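All remarks here apply to the structure that follows.
None of these values were measured; they are calculated from a predicted model. A, B, ... follow the sequence lines: proteins, then strands. Residue 1 opens every chain.
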Amino acid sequence: MPSNAEAAEIFRNIADLLDVLGERFKPEAYRRAARSIDTLTEDLAQIAARDELDTIPGVGEAIGEKIREYLGTGHIAYYDRLQKDVPPGVVEIMRLPGLGPKTARRFWTELGVGGPPELSDAIAAGRLDSLKGFGPRKIELIREALATAKAVPGGGARLPIDEAYPTAMRILKALRERSRHDRVEIAGSFRRRRETVGDLDILVTSDEPERVFDTFSSLSDIREVQQRGTTKETVFLKSGLQVDLRVVDPRSFGAAMVYFTGSKDHNVRLRTIARDRGLKVNEYGVTRGEEIVGGRTEEDVYAALRLAWIPPELRENRGEIEAAAQGPLPPLVEEADVVGDLHVHLSSEGGASEVDRFVAEARRRKYRYLGLIIARSTAGSPPWIADDRVLSHLASIHPTGLELLRGVEIAPGASLPTLRNVSPEYVVLPARDAGTGPGPTASGGPPIRLIAHFSTGPDRTVGIHPWIERAKSTGAAVEVGPGMDRLDSNAARMALEAGVRLAIATGLGADPEDPTLPIALGFARRAGAGVSGVANAGAAEGGGARRSRPGR
DNA sequence: GCCGTTTTCGGCCCGACTGTTTTCAGTCG
C-alpha cells in the first residue's frame, strides 16, 4: 500500500539526485512538494480519486502525474532512471556535513569517486591535492566528515521535540542568567513546535557579542565549536544536537525572530509579498529603499507587509499568510486557557500521598478539575482498582475550587458491566480496539469521554483515521501531546476538521521540567485549535491581556 | 518544476561563514 510518507521520501530522493546532476530549480520544487505531502491530513489516493492533486501546494502537472503513476504502479519511471544514472554513493557524499551537490559531483565526474569508501581511498592516495579549490584544511574537514558519518550512522537525524526540550530549556536558562538585560529566545522549528527538530536556533540581543559567545562556548555539554564569526556561532553538543546562536541588534530582533523561526516556505512567501510591494525583508528588518519600516518586533514586521501577526505554530505557508492579510487571526488556545487535566494515572503504589501531590499541583495551576484514573484493567489480568484507603481518601477531599473526576481506563477484554460497577464520570478509551472493542453507550454516559493511547500501524496518518471516526461517533475527545501513543499536530488537525475536540495532555504529576504541556499545547495550536476546540480549555477568569510573545 | 493582486513566461530569499582565494564558490539555514 503506497503511503504519503513513502511518496514524500521518493520526491526528496529525486531532489537529491537532481542536485547532483546540477539542476538549478527542480530540486527545490520536488522538496517543496515533499514537504506539502508530509503535512496532508488525507491519503494521496483519496485526493487523486477526486482529481484534486493540483490543489496541493507545490504539486503541479508533472509531479501530479508522477503521484498518479506511483499510486497506480508503485513505481516512478523517472526516479528509476535517475537512480540508474547516478551511483547511490554520490548522494551519500553529498549528504555529508559541509559537503554539497557541487562537491559530490566534482568528485564523481573528475575523480570517478562513486561513494564514501572510494572518497576515503582517494584522500589517502592524495588524489584530492591536485584538485582546484581543495586545500589541506578542506581535505581534513572531509576526512572528519567521513569518519563521523561512519561513527554515527543516522547522525544528524531530527530529534523528537520532547527529547530536545530539556536541553533547550537548560541552554536558555544558562544564557539568561549570564546576560540579564538581553533578550534570549529560541526560534526555529522548536518555536514552531514541530514534532521533530533538526537543530536549535537561539537569538540573543547584546552589545557585547563576544561575551555572549564566550558564555555559550563554555556550556558544559559542548562537544565542539563548529564555527564562530562576529554574529553567529555553531556548536555541536555531546548528544550530537546542533545549536546555532546568533547575536542581533535590538532594533532587528523582531525581524530576526521572524526570519529564524521560519518556516522556509513561510519566509519565501513573506519575501515575495514584500517584493511585490516595493519592500525588502531580511533578518535585519523591512526596508523600502534606504528607509527602515519595521524590524524591532514581529508585529511591526508583519504590519509593514500589511499582515496581522501570525503565531509561530502556524507559519508553514498553508494559508495563514492569506488569512493574516484579511485581518487578525482567530485566537489559538493558550496555556492560561487550560482549566484541567482529564487523564492522570494513579499508580498502584502511590496511595493517598500521590493523590495529595496531584491535587496540590492542580491547585497550583488553578485547574478547575482533575480527572484521576482510579481503576484500570490490563489485557489478560483482572481489573485493578485503587484500594479502599485511596478511595476513601478521595472521598474525604473537598478541594476548594477543584473538582475531582473519577475516570476509568478500558483495556482490551474489559467489559461494560465492570465499568458500570465503578460508576465512571468519564471514560478513557485505549487504543487497539477501534470499532470492535467495548465502549460506553450514550445513554447515561459520562459528560466527558476521552480517547487516549493511540496505537497505529506503520503509517500513522492512515492508522489514526479510525480513531478519529470513533471519537466522532462516541462524542469523545482525543488526547494530543508528545509520544507515539498520542496525537501529533497533523492528526490533531484531522480531528478538528472532523469536528472532534482535542484534550491537551498536561504532564501533571511529572517533574517540573516535564515538557508535556508546552508541547501538547503547541501541537494543538499547530492544528489551529482555539479554546472551543479543546475539551480541557475554557475562557480564563478575568480574560483579556495575558498574552506573552517572545517576538514582541 | 512550480507559480501568478506586475499570470502562461521569467523568475525562483538572501546573508553569514569558511576555505581558498586576489574576488569567489560552496554550503548552510
What distance, rounded to whole Å, do you find between the two [atom1] atoms, one in [N] and one in [M]?
N	M	atom1	result
dT5(B)	dG1(B)	C1'	23 Å
dC3(B)	dT18(B)	P	37 Å
dC24(B)	dT20(B)	C1'	9 Å
dT22(B)	dG15(B)	P	24 Å
dG19(B)	dC13(B)	P	27 Å
dC17(B)	dG10(B)	P	37 Å
dG26(B)	dT21(B)	C1'	13 Å

Nucleotide of [options] approaching [X] most closely (side-chain heavy atoms):
X	options	value
Pro101(A)	dC13(B), dG29(B), dT27(B)	dT27(B)
Pro136(A)	dC12(B), dG29(B), dT20(B)	dT20(B)
Lys138(A)	dG15(B), dG1(B), dG19(B)	dG19(B)
Leu141(A)	dC13(B), dG19(B), dC2(B)	dG19(B)

Is [X] close enough to [N] that one of its side-chain N or O atoms is under 4.0 Å from OP1 or OP2 there?
X	N	answer
Lys66(A)	dG1(B)	yes
Thr231(A)	dC17(B)	yes
Gln227(A)	dG19(B)	no
Lys26(A)	dG1(B)	yes
Thr103(A)	dT27(B)	yes
Lys280(A)	dG15(B)	yes
Asn282(A)	dC14(B)	no
Tyr284(A)	dA16(B)	yes

Rounding to 0.5 Å, atoms CD1 (Ile47(A)) and CG (Leu53(A)) come to a distance of 6.5 Å
Interatomic distance, [X] [atom1] vs [N] [atom2] [rounded to whole Å]:
X	N	atom1	atom2	answer
Asp249(A)	dA16(B)	CG	P	13 Å
Arg315(A)	dC13(B)	CZ	P	19 Å
Tyr30(A)	dC12(B)	OH	C1'	16 Å
Leu53(A)	dC2(B)	CG	P	11 Å
Arg246(A)	dC14(B)	CZ	P	17 Å
Arg95(A)	dG26(B)	CZ	C1'	19 Å
Lys102(A)	dC24(B)	NZ	P	15 Å
Leu203(A)	dA16(B)	CG	P	14 Å

So what does [X] hit on the nucleic acid, given a heavy-atom distance under 4.0 Å: a base, only sugar-phosphate, or nothing?
X	result
Leu99(A)	sugar-phosphate
Arg228(A)	sugar-phosphate
Glu28(A)	nothing
Thr230(A)	sugar-phosphate
Gln226(A)	nothing
Arg137(A)	sugar-phosphate

Its contact letters, B for base, S for sugar-phosphate only and - for none at protein heavy atoms under 4.0 Å, make nucleotides 3-9 of chain B read S--B---
Short question: side chain of [X], backbone of [Y] - any donor-acceptor pair under 3.5 Å?
X	Y	answer
Thr39(A)	Ser36(A)	yes
Asn267(A)	Tyr259(A)	yes
Thr205(A)	Arg183(A)	yes

Syn within 90° of 0, anti beyond: dT7(B) is syn
Handout entry: Polar side-chain contact Tyr259(A)-dG29(B) base: donor and acceptor under 3.5 Å
Key =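 Looking at the base of dG29(B), it does pair with a donor or acceptor on the side chain of Tyr259(A) (distance under 3.5 Å).
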Looking at [Y] and [X], is there a salt bridge between them, counting it only when a charged N and a carboxylate O are closer than 4.0 Å?
X	Y	answer
Arg35(A)	Asp265(A)	yes
Glu210(A)	Arg228(A)	yes
Arg526(A)	Glu316(A)	yes

### Task
Please name the residue in the list Arg31(A), Arg12(A), Arg105(A) that meets the salt bridge (Lys or Arg N to Asp or Glu O under 4.0 Å) test with Asp19(A).
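Looking at Arg31(A), Arg12(A), Arg105(A), the match for Asp19(A) under the salt bridge (Lys or Arg N to Asp or Glu O under 4.0 Å) is Arg31(A).
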In Watson-Crick or G-U wobble terms, with both distances under 3.5 Å, the base opposite dC24(B) is dG19(B)
5'-most contact on DNA chain B (nearest-nucleotide basis), Gly64(A) vs Gly229(A), goes to Gly64(A)
Judged by nearest nucleotide, the residue sitting upstream toward the 5' end of DNA chain B, Gly98(A) or Leu131(A), is Leu131(A)
Would you say the ring centroid of Phe107(A) lies under 6.0 angstrom from that of Phe134(A)?
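Close enough - the centres of the two rings lie under 6.0 Å apart.
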Are Phe190(A) and Tyr165(A), when compared by the centres of their aromatic rings, separated by less than 6.0 Å?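 Centroid distance Phe190(A)-Tyr165(A): below 6.0 Å, so yes.
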Original post:
For the residue pair Tyr78(A) and Tyr30(A), does the interplanar ring angle fall in the parallel (under 30°), tilted (30 to 60°) or perpendicular (over 60°) class?
Top reply: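 If you compare the ring of Tyr78(A) with that of Tyr30(A), the planes turn out parallel.
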Between the base of dT20(B) and the ring of Phe134(A) - centre-to-centre under 5.5 Å, planes within under 30° - is that a stack?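 It does not: the two rings, one from Phe134(A) and one from dT20(B), miss the stacking criterion.
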